[in-house]
2 protein chains.
Amino acid sequence: MRARPTLEKVAARAGVSRATASRVVNGSTRVAPEIREAVNRAVDELGYVPNQAARSLVTQRADSIALVFPEPATRVFSEDPTFSGIIRGVSMEIEEADKQLVLMLTGLAGGYQRVERYATNGHVDGVIIASMHGTDPLPGILARRGVPVVCSGRPSVPSSLPYVDMDNVGGAERAVRHLVEQGRRRIATIAGPQDMIAGIDRLNGYRAVLRDSDRRSIVAVGDFTRESGTSAMRQLLADDPELDAVFVANDLMALGALTALRQAGRQVPGDVAIVGFDDIPAASYTEPPLTTVRQPTVEMGRRLARMVLDLEEKAQVMLPTELVVRGSTTTP
Amino acid sequence: MRARPTLEKVAARAGVSRATASRVVNGSTRVAPEIREAVNRAVDELGYVPNQAARSLVTQRADSIALVFPEPATRVFSEDPTFSGIIRGVSMEIEEADKQLVLMLTGLAGGYQRVERYATNGHVDGVIIASMHGTDPLPGILARRGVPVVCSGRPSVPSSLPYVDMDNVGGAERAVRHLVEQGRRRIATIAGPQDMIAGIDRLNGYRAVLRDSDRRSIVAVGDFTRESGTSAMRQLLADDPELDAVFVANDLMALGALTALRQAGRQVPGDVAIVGFDDIPAASYTEPPLTTVRQPTVEMGRRLARMVLDLEEKAQVMLPTELVVRGSTTTP
DNA sequence: GGGGAGTGAGAGAGCGCTCTCTGGAAGAAT
DNA sequence: ATTCTTCCAGAGAGCGCTCTCTCACTCCCC
């Protein structure tokens, strides 16, 4: 491998000074066309690529941003495309801005310190935290340290930190209202973990609609895994065998609930209608296909990236969710 | 935000030279205990974190490695946990080595150039390419440029580049042999794309066993998506209504095939036995649960990372796969 | 024609760090 | 007591780049 050429070499070859070569490489307009031309030719001939470390050292910018996934998230990772959607969205924007994406899956122990150290030493220009738990201390720590931070999901304690959240409450309301409109009387819910904002909000949405429509709420709590959906559904059926609908706080649990309903001999949607949340690919392929609430995950990733890159103002943003009606709540 | 302290500041506070402070920070043993102590105290008090750019500039190392996913991979991403397994494995090793993971999802246009430029300018110490297509030119290009490269999956053109591959042939053979042992006579296959090494190898494994057991092969080709599994299955049923087993080259297509079989009124495993490949989570939850071939994806990620980090010798490695027998091929 | 404005290119000072080289002190060997 | 080792700390030279400052030159207007 030939040694990588330096700006010095390019300048020598083009017969100009290093400073001028730098100007051309960085696209300054204040360079005479013929000189610009000569430098560009030298760059091409030598295959020159700027050394990022040297550049970062003087500019104090890293041209890369970190995307942090706390451990609990990575576990769900495999079956839940929410995260891959966010990654895709973030990646697109980052790529467009010609920056780099550093992915950090914070391990079990010492994950925080690692991210904190990494983020505060000028490695990255900003951090996106795909935190599921609204009480995560990391965003606050980094913000205090002066690192630009944007969170996916609203922190559960009010703060001034920018975030991009999904309209979980609205989505849940629309889902439950849909069940009400279908004439369902006894509408239960399988809620998500109550230490995650998504879990809390979706339950709140459910409660709000039931209150307005004068029905009583029937609640079981799961942990967003398929298995927990199955056992929560069993519990609901035991608690209230007459229930005729269930709003499940995510699709994975809904898949589990579907299994429990089948085992219990309940027809879907005949006996029990079911709505999920997330619109994962599998939701289209269940029998019957699952009515669910779609989230703009890629868009979320894009917005997160644009904010942290300062391409748009850092703010507290709520993205709309959308009800996707399929066979699990209506007969064609 | 207070400015980040430099080594100079730490040295001044500890009353030593910058060189000595550097020695302590980098763990040299040739420093008197009391001085080491003093420096460490200064580091703590000041909250010093080394500036990576400056360090990279002089050491010529980047302390980070890139994980590249070509576009076709990212599309499957969402439903196929193979990639998240690899990411997890890579991430674990990288974290252990205290390096960073740069994730690059190469976009549609100009993805190669971008990765090439990025990797050859000293940004990263090595590149892991999660290439699905064995003909990908990127690994060769980078290797020629002197960048350490390791591929996931064997290149289809023989080369000396190191890779970590799954035993696709062996897995397919075991799967098909399992069908033979179950007394199945007419064993079809839904093959994967024949421009991907996994697709080719799995078909070869199928063919080898059929040849040995004196059966004729019945082949349809899909593209690893669920939909293609459905239509390939329909085609197979049309081609040979008497078939009593099908080996499907991945689970996603197997899920699709299951749908087609159900629609065609075939009992699984009564009329038709079915085996998939990958052991995605959904495979445990189909009705009946899917017999499939499990791949050590996390292990694959680890090995890839260890090789590119030079923690183990770069070689051409084949990881074993494992047949997981479930209800889609046997009745309890 | 002279002075000021404007423009383009070079010189050079660092950015924060590592690492070699040098020097001095202390202990071992003669 | 003197020389030789050994060991540890400091001095200083860069790593490759950006960016300010300076200077030379051209152009224009009065």
Side-chain angles (χ1 to χ4, degrees), chain A residues 1-40 42-43 46-64 98 117-118 120-125, chain B residues 2-43 46-64 98 117-118 120-125:
Chain A
M1 167 200 188
R2 59 177 183 282
R4 278 180 292 114
T6 68
L7 233 207
E8 192 81 58
K9 292 250 197 309
V10 172
R13 182 169 192 116
V16 299
S17 75
R18 201 175 59 245
T20 303
S22 173
R23 272 188 276 262
V24 173
V25 169
N26 291 294
S28 162
T29 51
R30 310 207 143 295
V31 178
E34 63 271 28
I35 292 200
R36 186 203 315 281
E37 184 58 28
V39 173
N40 282 329
V43 165
L46 265 42
Y48 170 76
V49 183
N51 179 314
Q52 186 58 40
R55 182 179 276 175
S56 287
L57 184 56
V58 40
T59 58
Q60 306 281 28
R61 284 179 294 101
D63 281 337
S64 72
D98 205 27
R117 267 190 40 208
Y118 183 72
T120 53
N121 79 347
H123 252 298
V124 292
D125 301 324
Chain B
R2 58 178 184 281
R4 279 181 290 114
T6 69
L7 233 207
E8 193 82 58
K9 292 250 196 311
V10 171
R13 182 169 192 115
V16 299
S17 75
R18 199 176 60 244
T20 302
S22 173
R23 270 188 278 263
V24 173
V25 169
N26 291 294
S28 162
T29 51
R30 311 209 144 294
V31 178
E34 62 272 27
I35 292 198
R36 185 201 316 280
E37 185 58 29
V39 173
N40 281 330
R41 200 167 33 237
V43 166
L46 265 43
Y48 171 75
V49 183
N51 179 314
Q52 186 59 36
R55 182 179 275 173
S56 288
L57 184 57
V58 41
T59 58
Q60 306 282 28
R61 286 180 292 100
D63 280 337
S64 71
D98 205 27
R117 268 189 37 208
Y118 183 70
T120 53
N121 78 347
H123 251 298
V124 292
D125 301 323

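Throughout, a chain's letter reflects where its sequence line sits, starting with A, and its residues are numbered from 1. The model shown is predicted, which means the values in this text are computed figures rather than measured ones.
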Exercise for the section: Working to the nearest 0.5 Å, report the span between CD of Q52(B) and CZ of R61(B). Expected result: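 Those atoms lie 8.0 Å apart.
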Handout entry: T20(A) (side chain) donor-acceptor with A11(A) (main chain) under 3.5 angstrom
Key =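 No; zero donor-acceptor contacts below 3.5 Å.
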Exercise for the section: Determine whether N51(A) and T6(A) make a side-chain contact, defined as any pair of heavy atoms from C-beta on separated by less than 4.5 Å. Expected result: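 Side-chain contact under 4.5 Å: no.
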Problem - Protein-to-nucleotide contact annotation, 5' to 3' order, nucleotides 10-20 of chain D [B base; S sugar-phosphate only; - none; under 4.0 Å, heavy atom] - result: BBBB-BBBBB-
Problem - Heavy-atom side-chain proximity of V25(B) to R55(B) below 4.5 angstrom - result: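 Yes, close enough: below the 4.5 Å cut-off.
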Practice task
Find out whether V16(B) and R23(B) are in side-chain contact, i.e. whether some heavy atom of one side chain is under 4.5 Å from a heavy atom of the other.
Solution key: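 With C-beta onward as the side chain, the pair stays apart.
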